[in-house]
Structures are given as structure tokens and as C-alpha cells.
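What follows is one structure encoded as C-alpha cells, with my remarks underneath.
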Amino acid sequence: MSRRLRGELLALPAGTPQSGPLHRQVYAHIRAAILSGRFAPGTRLPATRTLAAELGVARNTVLTAFEQLAAEGYLQARVGSGTFVAGELPGPLGATARVDAAVPAPAALSQRGARLLALRPPLGGTPARAFAVGVPATDAFPLALWQRLLAARGRERGLLDYAAAQGHAPLRIAIARHLTAARGVVCAPEQVIVLAATQQGLDLIARVLADSGDVAWLEEPGYRSVCQAWRGQGLRVEPVAVDAEGLNWQAATHPPPRLIYVTPSHQFPSGVVMSLPRRLALLERAVQDGAWIVEDDYDSEFRYAGRPLAALQGLDGGQRVLYLGTFAKSLFPGLRLAWLVVPPALVEAFVVARRLLDYHSPPLLQAVTADFIDQGHFAAHIRRMRGLYAERQAALLEAARRELAGAIELTPADTGLHLLGRLQHGRARHLSARAAVAGIALQALDEFHIGPCRREGLLFGYAATPPEAMHSAVQQLAALID
Ligand SMILES: Cc1ncc(COP(=O)(O)O)c(C=O)c1O
């Protein structure tokens, strides 16, 4: 780092908090310098020890600030060569800087706008790292085949036009056929609405079926994005504990819900499969309360042993259940295509809501995805990925047995793309922040809790991490624990 940049680090710029914990000040200081472009991507930062001495603070203060910046994607550690400003910053640099500069005074925002801003979810754009959760193996996606299908459909002028808000009919037919055969979902193509993402479905469900202040039950621990989407819409979100049989609503004392969100096939993030008696009782409860169950079947395609339990939606003939699924895991997340299956009486309301939001998903990508399914490539790809993910899970378990024994306990799973590791001692949050500095994306279990979390756990996404990267990441982690 040049003398000029070092000077900038030492001079507190305007707007940097000059009160509050020291590590927060150092964090804000470096973040502001990165966002303003004064510290360009790729700039090497001084060693923490040197910087601490120059700033006159403890080394731990600088370490904590670096860990936070790395966790948010602003900094990257390269083993043996130091810590650098990330090449790709979270969100386009210009946009992030402009947003920061232009954050309106809270009074300028609507109440909803202020609520949304306060949620501050991760804004994406950070490169995938070892153990990232929810990311499939894009390295194994059949790109040449996809390109061929894309080129063929790319010649159709009809796909350049505005299209049906509910979605491309051949894709809805292909999705309905797949769900009926593979997941026991009871649906006709007329009940399928093609969406941009599960996330969009969660937002639409709150808009169409709930009002501000309505109660929603969420799994605890659970999927953070649903909590954020529904809080953003003004819902009162109540955490309901998950036990060995799934959502244990019988033990909850919350007011009756309008919406109940569940991941019964493979609870996110604990991995629990909801038992049949619990499923039946939940359906009964939803009927009593006039509640809607939202079933998120996000990764059920990936089952490695035994027969999967069919979807909850099929158990009541799709009367009280809204069924969400996504191509983000089974194909690739950048595709931004997903689906929502709703009871026939709700179809029109949902299609109108989608029309008013962003009209529809790209017709070209919908047509190519329909071809991919209809020509048998989807089934073949899922089969291949099952084998690959089973191998990657085995590689993770093997590396963990060798390197992490006595520190983190990982149990094999029959379904899904991640494992939950239990820490035998130490704090998961702390380890997760230290791992982030080393370029490892381990999320702590408490990040998935609305209330307090009493167990120390870490999530290991293994699908997008090839075995060699897995081994070296596990070794690095073991060194951090030591
Ligand atoms: C529980 C759960 N649901 C859904 C998704 C996929 O969401 P989307 O389709 O919005 O990308 C994820 C991705 O990580 C997830 O973990």
C-alpha cells in the first residue's frame, strides 16, 4: 500500500463515526474508503499488526474490523500474501457508493421503504466461496447443450415480444408433469405460475394473502429470506421451534397465523424431514385457523438414499397449501426461474399481482428451460448431479473426519446440498468470521434464528465445492481452530 493510501487510512474522513467501539470505527473507515474508490479493488492492505501499531489500537480491534469486512465481501485474504480489497465488491461499486451517498433521511422514505432498508439483506455480487450454502455445481452444468438450445430458440421473433404473465405454457406443462410424477403434487398446468424466484413467490404470497400486522409462523431455525420478505411487507413474524419431527407448532403459544412457512422435505437449515403425523396435524390446524401453508420444496430433487416423502401439497389435494419450487438449485441460480402452484381459486389474483409487479419472466429463457425438460435433459442432469453431490458430501465427511475430529461433528444426510456441523466447543460466529477472512463461507447457525440460538453450529454447503477445494478449505479451517 502506498504512503498516500496509508495516510488516508490514518486520517479519519468526514462521516466516519468517532464514537462507538473502536473496531466499528476502523471498519467504517476502511469501508468508506473502499466505497468511495480511494481503495481500489485489488489494493493490498497493511498487515493487521502494522496497521494496529500505526493506528495506536490493539491488533484484535483491526482483526475484528477485517473479519467483518471480509464477511461482507469487501476484503479477501490470500493465503501467504495478505489481505486485499475484493476484486468484485458486494453490488456494483458505483451503485453501492451512490446508494450510500444518497441514502435519504428516514423521513423521506415511506414506512415500508424504511422497513425494507432496515432489513439490509446481502446484496449479492460476491464470488462463490468454499462451503457457500444453497449454491449448486455450476462447474458441472452442461453448458454446450444449453448453448445449443438457446441458439435454436434465439431465432424465434415471437419470443422477443411481451408474453403471458402466468408464464410460457409449455414450461407450465413441463413443470406440472414433473411435480406430479416426482413430488406427488396435485396440480394442473393452469395452477402453475412461473416466477423469477422463490423470493418473488414469498413476496407475492404476502401481498395477495396477508395484510400488514397479520401473523406468520416461521421455522426456527429457518430461511432468513422469508423472514425478511415478510417483515418487509409488515407481517408479524413468529418463530416456531423445529424438533426431530419438523415444525413443532403444538408447543407454540403464538396467536393463530395467516401464513405458515415450512420446508417439510428437508428443513432449512437443520435438515429434519417433517413426519407424516406432523404433516397431517399441520394441515388440520391450517383448516381450523383459516391459515395458508407455504411449502418451500427448494432442494427436494437431491435425494441420495431411500424414497422421498411426497410433497405436503399432495396430502390435502392442494387446498390449503401454496407450493414453491425453484430452478436455482436444479439448474443454476442465475437463470432466475421458479414456480408457484396455487389452488385454482387463487390463480387469477396471483397472476394479476405478478402482472403488476414486473409482468413476466423472460420468454426466451422460459422456452429454453421447457425444451431442456421436454427433451429429457433435466431428468438426466438431476441424475448426474445426485451422483456428484453424493460424492462431494462423502469427500466433505472424509476430510472432516480426518481434520476436524473432536472440534466439529458432521453427520451424513440423505437429502440436500448442505450439512450442519455441530461445534464441540468455541463460538460458531467467531469461527465463521475468521473463516470469512480466509475466503471460506461458513455461516453460523445463529444467523438462521429469529430468537436466541442455544446450539453452536456451522453450515457446510458442499455442492459447489470440488473435492480438492474442499480438502484445502477443511485444512485451513482446522488450522483456524487450532
Ligand atoms: C430454503 C430456500 N428456499 C429457496 C431458495 C432459493 O431461492 P430463489 O429461488 O429465490 O433463488 C433457497 C436458496 O438458497 C433456500 O435456501
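Heavy atoms only: backbone and side chains are in, while hydrogens, waters and symmetry mates are out. All ligand and atom numbering here is 1-based and tracks the order in the structure.
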Please work out, at 4.0 Å between heavy atoms, whether the side chain, the backbone, both, or neither of Thr198 comes within that distance of ligand 1.
both
Which residue supplies the protein heavy atom nearest to atom 3 (N) of ligand 1, what is that atom called, and how far is it?
Asp296 OD2, 2.6 Å
Tell me whether the NZ or CZ atom of Arg320 lies within the 45° cone about the ring axis of Trp292 and under 6.0 Å from its centre.
yes
Where ligand 1 meets Arg336 - atom numbers and elements under 4.0 angstrom, heavy-atom basis
8 (P), 11 (O)
Could you measure the distance from the CG atom of Leu442 to the CZ atom of Arg429? Nearest 0.5 Å is fine.
13.0 Å
Can you report which non-hydrogen protein atom sits closest to atom 14 (O) of ligand 1, along with the distance?
Lys329 NZ, 2.7 Å
Could you tell me whether Tyr261 approaches ligand 1 through its side chain, its backbone, both or neither, with non-hydrogen atoms closer than 4.0 Å?
side chain
Is Met385 close to Pro136 at the side-chain level, that is, under 4.5 Å between some pair of heavy atoms?
no
Give the numbers and elements of all ligand 1 atoms closer than 4.0 Å to a heavy atom of Tyr298.
1 (C), 2 (C), 3 (N), 4 (C), 15 (C)
Which residue supplies the protein heavy atom nearest to atom 16 (O) of ligand 1, what is that atom called, and how far is it?
Tyr223 CE1, 3.4 Å
Is Arg422 salt-bridged to Glu456, cutoff N-O under 4.0 Å?
no
Ligand-side contact atoms (ligand 1) for residue partner Ala328, heavy atom cut-off under 4.0 Å:
11 (O)
If you measure from the Lys or Arg side-chain nitrogens to the Asp or Glu carboxylate oxygens, is any gap between Arg278 and Asp243 under 4.0 Å?
yes
With a cut-off of under 6.0 Å to the ring centre and 45° to the axis, is Arg355 in cation-pi contact with Tyr359?
yes
With Asp299, which of Lys329, His266, His418 fulfils side chain to side chain donor-acceptor pair (under 3.5 Å)?
His266
Shortest protein heavy-atom distance from atom 10 (O) of ligand 1, along with the residue and atom involved:
Gln199 N, 3.0 Å
Sidechain N-carboxylate O distance under 4.0 Å for Asp297, Arg183:
yes
Test item, Gln200 contacting ligand 1 (heavy atom, 4.0 angstrom):
no
Can you list the ligand 1 atoms lying under 4.0 Å from a non-hydrogen atom of Phe268?
1 (C), 16 (O)
Side chain or backbone of Ala197 under 4.0 Å from ligand 1, or both, or neither, by non-hydrogen atoms?
both
Flag the pair Asp203 and Arg354 as a salt bridge only when some basic side-chain nitrogen lies within less than 4.0 angstrom of an acidic carboxylate oxygen.
no
Are any of the N/O atoms on Thr326, whether in the backbone or the side chain, positioned under 3.5 angstrom from an N/O atom of ligand 1?
yes
